[in-house]
Amino acid sequence: MSRQLIKYVLEREDYGAEVTVAGWVRTRRDSKGGFSFIELYDGSGFSGIQIIADGDLPNYESDVLRLTIGSAARITGVLTESPGKGQRVEIKATEVEAIGFADPERYPLQKKRMSFEALRDIAHLRARTNALGAVARVRNALSYATHRFYQDRDFLYLHAPIITASDAEGAGEMFRVSTLNPEAPPRNDEGIDYGQDFFGRPTFLTVSGQLNAETYALALDRVYTFGPTFRAENSNTRRHLAEFWMIEPEMAFADLNDNADLAEDYVQYLVRYVLDHCGDDLEFFNKWVEEGIIDQLTAVADSEFERITYTKAVELLEESGESFEYPVRWGADLQSEHERYLTEKVFNRPVTVTDFPFDFKAFYMRRNDDGKTVAAMDVLVPGVGEIIGGSQREERLDVLADSMRIKGMDEDHYWWYLDLRRFGSVPHAGFGLGLERVVQFCTGMQNIRDVIPFPRTPRNAEY
Ligand code: ATP
Ligand code: MG
């Protein structure tokens, strides 16, 4: 008899059938009547299954009574309608095979609830908790939905390089990739001689696959990347990681409006997908993590996003009378508190903000005719703030070169990027969505460190 995943067994109604399941013990209660209730969990869905292990089992004393929380077992038995509350079926065990015991004196995950912070110190075991298991399933669903969304719309999945020599955001804060001996690097007149490094030049972990994606969009029309990106920002916030996963679609023959349409459709698709496929997990988040999250997600999936310009956003914030930690003024970037005020207080729905000042945006964004702003957009959502940043790209060679000069960038270094504007240049646009921010949004999890299996943050790379 082959093993079945618990989520499928929980749906069965063929009482009397023999089933085999395997997993880890969530709880065990021993009844005075000489039998035990075991809740076994295998992560296939939110719920575990209840097993009744009778005292008559030949290994009841030797094994069943040693199956403490965290122990692993394979159990065969008869599917039975459950008289108890909270489950429809249970398994009356005919065979219990203890596979791996977990010493109750030492196993750190006992029945009492632990804080998410404490769980971070046992990241190798936290996937066994209700919350982190549910997060993992939602994250998986969002990844799968991402591929479905883009594949259904004829976007080609592109693998952008992880090691790069260019800084896509033009802003530094990258991790260096080097094989030079840090104790005695070769030197020249200018300092360390990276000409002798592995790649014969300075190289870094990528902050974005966008520049590479643009080259393929200008050949294959619609592409998207989905991979890890890295930022060496020393920001210890609840929404920044040093290593995170980004999805970056790029479309040829598209402007800022097309871009915003795609971004909004994509976010709604993700939310709808999670509502349709992760019901049990969402109910858990709704009850224990963020009350009302299901209603909020349903509203996001069903209603249009607000779309306003940056200039309008600044006006609204100035009129608000709110005292922000960072003062609002035209020309300064929106801070998290401003983003959240707009989406939570002013509009109570996601907001797409467009046309930001040229001064603090990246060199590749298309300059608007007003001479002050660029065709950029951010999508903001309640609870999290920015989840998407994107733009129409500058397709005009002379304007792009001018932007690079103003931002103090080396044109020679970006010769291939400029070539795209020399040969068959077309309007094109794209954006980046941070996967972890969307997982936060869909689960209500407060800290980004709890929505990725092994978070990388300043001073933390254990596991
Ligand atoms: P923020 O202002 O929130 O720091 P950003 O403007 O620097 O973000 P972009 O360069 O626009 O971010 O990156 C695109 C998307 O990638 C963001 O909208 C966000 O969802 C995600 N993202 C950016 N930086 C991080 C980070 N350090 N950790 C997790 N996600 C991130
Ligand atoms: Mg941004």
Side-chain angles (χ1 to χ4, degrees), residues 1-12 15-116 118-137 280 284 288 453 462-463:
M1 178 79 199
S2 68
R3 181 169 75 88
Q4 266 211 317
L5 293 177
I6 288 170
K7 75 167 176 181
Y8 297 117
V9 176
L10 290 171
E11 289 168 358
R12 286 173 63 166
Y15 305 121
E18 187 184 79
V19 290
T20 301
V21 293
W24 292 265
V25 174
R26 272 270 169 85
T27 57
R28 195 195 79 230
R29 282 186 298 122
D30 304 321
S31 148
K32 294 212 180 67
F35 58 93
S36 301
F37 294 103
I38 296 169
E39 190 197 346
L40 202 70
Y41 171 77
D42 67 1
S44 58
F46 184 80
S47 302
I49 193 161
Q50 173 155 293
I51 317 274
I52 319 283
D54 202 89
D56 291 346
L57 287 163
N59 59 343
Y60 184 77
E61 300 277 330
S62 58
D63 289 341
V64 175
L65 291 183
R66 283 177 65 208
L67 286 177
T68 50
I69 298 184
S71 304
R74 182 186 290 117
I75 295 177
T76 299
V78 180
L79 191 70
T80 315
E81 195 162 6
S82 175
K85 277 200 310 204
Q87 72 259 338
R88 198 174 47 75
V89 297
E90 59 191 27
I91 297 173
K92 286 219 157 41
T94 50
E95 196 185 331
V96 174
E97 185 191 341
I99 298 179
F101 293 109
D103 180 356
E105 301 293 313
R106 297 183 55 208
Y107 187 60
L109 283 173
Q110 294 303 325
K111 190 132 202 302
K112 62 175 189 317
R113 236 179 127 185
M114 288 174 77
S115 70
F116 289 127
L119 286 173
R120 276 174 227 144
D121 292 334
I122 46 168
H124 59 306
L125 295 171
R126 66 178 183 164
R128 296 184 184 190
T129 62
N130 279 329
L132 274 289
V135 166
R137 283 184 296 271
D280 290 350
F284 168 83
W288 297 102
E462 183 79 29
Y463 309 101

| field | Euclidean distance, D56 CG relative to T94 OG1, rounded to 0.5 Å | value | 12.5 Å
| query | Any side-chain heavy atom of F37 within less than 4.5 Å of one from I51? | reply | no
| query | Closest approach of L125 and P108, non-hydrogen atoms and distance? | reply | CD1-CG, 3.5 Å
| note | In this structure, CD1 of I122 is separated from CG of L109 (nearest 0.5 Å) by 4.0 Å
| Has the side chain of R126 got a donor or acceptor atom that lies under 3.5 Å from a matching backbone atom of D121? | no
| said: Looking at R120, I'd like to know if its CZ atom is crowded, meaning that more than 12 non-hydrogen atoms belonging to other residues, nucleotides or ligands lie closer than 6.0 Å. | reply: yes
| query | Below 4.5 Å, heavy atoms only, C-beta onward: do D30 and V64 meet side chain to side chain? | reply | no
| task | Kindly give the heavy-atom pair with the smallest separation between I6 and A22, and that separation in Å. | result | CD1-O, 4.5 Å
| message | Any side-chain to backbone donor/acceptor pair from S47 onto G45? Under 3.5 Å, distance only. | response | no
| task | Looking only at non-hydrogen atoms, find the nearest pair between A93 and L57 and report the distance. | result | O-CD2, 3.9 Å
| Is there a side-chain contact (heavy atoms from CB on, under 4.5 Å) between E95 and T20 once you walk through the steps? | CA-CA 9 Å; E95 196 185 331; T20 301; over 6 Å; no
| request: Count the heavy atoms of every other residue, nucleotide or ligand shown that sit under 6.0 Å from OH of Y8, and state whether that count exceeds 12. | output: no
| message | With a 3.5 Å distance limit and no angle check, can you tell me whether R88 reaches the backbone of R12 through a side-chain donor-acceptor pair? | response | yes
| Side chains of L65 and S36: closer than 4.5 Å at any heavy-atom pair? | yes
| query | What are the two closest non-hydrogen atoms of G70 and A102, and how far apart are they? | reply | C-CB, 3.7 Å
| query | Do the side chains of Y107 and T68 get nearer than 4.5 Å, heavy atoms only? | reply | no
| task | Taking the side chain as every heavy atom from C-beta outward, state whether V89 and L10 have any pair of such atoms under 4.5 Å apart. | result | yes
| field | Heavy-atom side-chain contact between V21 and D42 under 4.5 Å | value | no
| said: R137: which residues meet the side-chain contact (heavy atoms from CB on, under 4.5 Å) condition with it, sequence neighbours left out? | reply: Y41, F46, A134, D281
| field | Side-chain heavy-atom pair I69, R28 within 4.5 angstrom cut-off | value | no
| S82 and E90 side chains, donor-acceptor separation under 3.5 Å | yes
| message | With a 3.5 Å distance limit and no angle check, can you tell me whether N59 reaches the backbone of V96 through a side-chain donor-acceptor pair? | response | yes
| note | Output for pair (F116 CZ, L132 CG), nearest 0.5 Å, gives 7.0 Å
| Rounded to the nearest 0.5 Å, how far does OH of Y15 lie from OG1 of T80? | 9.5 Å
| OH-CG distance between Y60 and L67, expressed to the nearest 0.5 angstrom | 10.5 Å
| remark: To the nearest 0.5 Å, atom CD1 of I49 lies from atom CG of L40 at 8.5 Å
